[in-house]
**Student:** 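Got a structure for you, written out below as structure tokens; questions coming shortly.
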Number of protein chains: 2
Amino acid sequence: MPTTCLRLTPQRNIILEELRGTRSHPTADEVYDMVRRRLPHISLGTIYRNLDYLHAQGLIRKLDKIGSQMRFDASMDPHLHICCMECGKVGDLPEDAASVSVRQEAMLDAEKTFQITGHWLEFHGVCSDCRTKGKIG
Amino acid sequence: MPTTCLRLTPQRNIILEELRGTRSHPTADEVYDMVRRRLPHISLGTIYRNLDYLHAQGLIRKLDKIGSQMRFDASMDPHLHICCMECGKVGDLPEDAASVSVRQEAMLDAEKTFQITGHWLEFHGVCSDCRTKGKIG
DNA sequence: TTAAGAACAGGAACTATTCCTATTTTCTGT
DNA sequence: ACAGAAAATAGGAATAGTTCCTGTTCTTAA
Ligand SMILES: [Mn+2]
Ligand SMILES: [Mn+2]
Ligand SMILES: [Zn+2]
Ligand SMILES: [Zn+2]
């Protein structure tokens, strides 16, 4: 059996290290800026390709529903996200902060057409920076 | 007091009528195709501008988290959405099909930084068309 | 060692959406 | 009804996040 081994090139390693070193859920070009300090000749295409690769390998998360740009997250333990409606900052919520309960009887009709496989839940709010700005300005 | 009156131009009226005549949650250029049959000279910019206007006036919904394109929905009664992971089709679920319960104690820590104002919940699944295609092909 | 495959840098292409501008339509006060 | 002001429109250019392409370099496995 051909083992689909994980190939960790220097570029992939450094992308992963940088992502693991932040809690800011950076966009692709924020990752680009972080990685370029250590690999000045890396290309943005390599950033995108390898973020996709690492996500496909199950090593990082890809948040494609938050804001207008994709964001990436190296923490794989189950948790929820909250996004500031003013500045777009993304924060973490503990996994048990909220739960989604589904009423089967109400789903039955929908299940005739759609087979439900999962869901996406995200929270919206205002971060502390934007709240203080709002009070002063 | 200056009353901010609702301006319903012919273009806006027809966009609204077409959107109210479908349950397909169309994208902007699908609305464009629908409206162009009745207004052959309308521009895509007018479609976008007026879909934004109608959304700002609270007359339609704008689904910006589903798939890679915005989708629009004229049914304003509260309901949830389910999106086919194969073809991107969007369907409705009754509002009481699912509920999100939030554990206040788990939120307290997060509330110190983020003030939570709302949330977004959407379901993922496979539509019946894609299920039959999968079985045959 | 060598051939095949994978990943790379750099930059072009793609595309959904927004922006710009000259023209037309609608509104408001007289 | 009329004139001036404000808003909306058509058409097309610009923007920007992401993907794709190409020639080159690196890695892996006989
Ligand atoms: Mn996170
Ligand atoms: Mn709907
Ligand atoms: Zn903020
Ligand atoms: Zn489908």
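Order of the sequence lines fixes the chain letters, A, B, ..., with proteins taken first and strands second; residue numbering starts at 1 for each chain. Side chains included, hydrogens not; waters and symmetry mates left out as well; all remaining heavy atoms used. Remember, it's a predicted structure, so these values are computed and weren't measured experimentally.
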**Student:** Between atom CG in Asp52(B) and atom C1' in dT9(D), what is the gap in whole Å?
**Tutor:** 16 Å
**Student:** Using a cut-off of strictly less than 4.0 Å, decide whether Arg12(B) has a side-chain nitrogen or oxygen near OP1 or OP2 of dA8(D).
**Tutor:** yes
**Student:** Taking atom types as modelled, is there a side-chain donor on Ser101(B) or Ser99(A) under 3.5 Å from an acceptor on the other?
**Tutor:** yes
**Student:** Would you kindly say whether Thr46(B) and Arg49(B) are connected by a side-chain donor-acceptor distance under 3.5 Å?
**Tutor:** yes
**Student:** Closest nucleotide of DNA chain D for Ser68(A) versus for Ile47(B): which of these residues is on the 5' side?
**Tutor:** Ile47(B)
**Student:** Cation-pi between Arg36(A) and Tyr32(A): NZ/CZ under 6.0 Å from ring centre and within 45° of the ring axis?
**Tutor:**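 Yes; both conditions hold, so Arg36(A) lies above the ring face of Tyr32(A).
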**Student:** dA8(D), OP1 or OP2 - any side-chain N/O from Thr9(B) closer than 4.0 Å?
**Tutor:** no
**Student:** Rounding to an integer number of Å, can you tell me how far Asp33(B) CG sits from dA16(C) C1'?
**Tutor:**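 Result: 14 Å.
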**Student:** What is the separation between atom CZ on Arg7(A) and atom P on dA6(C), rounded to the nearest whole Å?
**Tutor:**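 Distance check: Arg7(A) CZ to dA6(C) P gives 7 Å.
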**Student:** Could you tell me whether Leu44(A) contacts a base, only the sugar-phosphate backbone, or nothing, with contacts defined as non-hydrogen atoms closer than 4.0 Å?
**Tutor:**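 Base, at least one base atom sits under 4.0 Å.
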**Student:** Of Pro10(B) and Ala28(B), whose nearest nucleotide on DNA chain C comes first from the 5' end?
**Tutor:**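 By nearest-heavy-atom nucleotide position, the 5'-most residue is Ala28(B).
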**Student:** Counting only side-chain N and O atoms of Gln11(A), is one of them less than 4.0 Å from OP1 or OP2 of dA9(C)?
**Tutor:**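 Yes, Gln11(A) has a side-chain N/O under 4.0 Å of OP1/OP2 on dA9(C).
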**Student:** Can you tell me if Ser43(A) touches the phosphate of dC8(C), counting only side-chain N or O atoms and a distance under 4.0 Å to OP1 or OP2?
**Tutor:** no
**Student:** Tell me whether the side-chain N/O atoms of Arg49(A) come closer than 4.0 Å to OP1 or OP2 in dC8(C).
**Tutor:** yes
**Student:** To the nearest Å, how far apart are Asp29(A) CG and dT19(D) P?
**Tutor:** 13 Å
**Student:** In this structure, how many angstroms lie between the C1' atom of dA7(D) and the CG atom of Leu8(B), rounded?
**Tutor:** 14 Å
**Student:** Please give, in whole Å, the distance from dA10(D) C1' to Asn50(B) CG?
**Tutor:** 12 Å
**Student:** Output yes when at least one side-chain N/O atom of Gln69(B) is less than 4.0 Å from OP1 or OP2 of dT15(C), else no.
**Tutor:** no
**Student:** State whether a side-chain donor-acceptor pair under 3.5 Å links His124(B) with His119(A).
**Tutor:**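 No.
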**Student:** Measure OH/Tyr48(A) against C1'/dG17(D) and give the value in whole Å, please.
**Tutor:** 5 Å
**Student:** Output the rounded distance in Å from OH (Tyr32(A)) to P (dG17(D)).
**Tutor:**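 Distance, rounded to whole Å: 13 Å.
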**Student:** His79(B) vs His25(B) aromatic rings, parallel, tilted or perpendicular, using cut-offs 30° and 60°?
**Tutor:**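 Geometry flag for His25(B) against His79(B): tilted rings.
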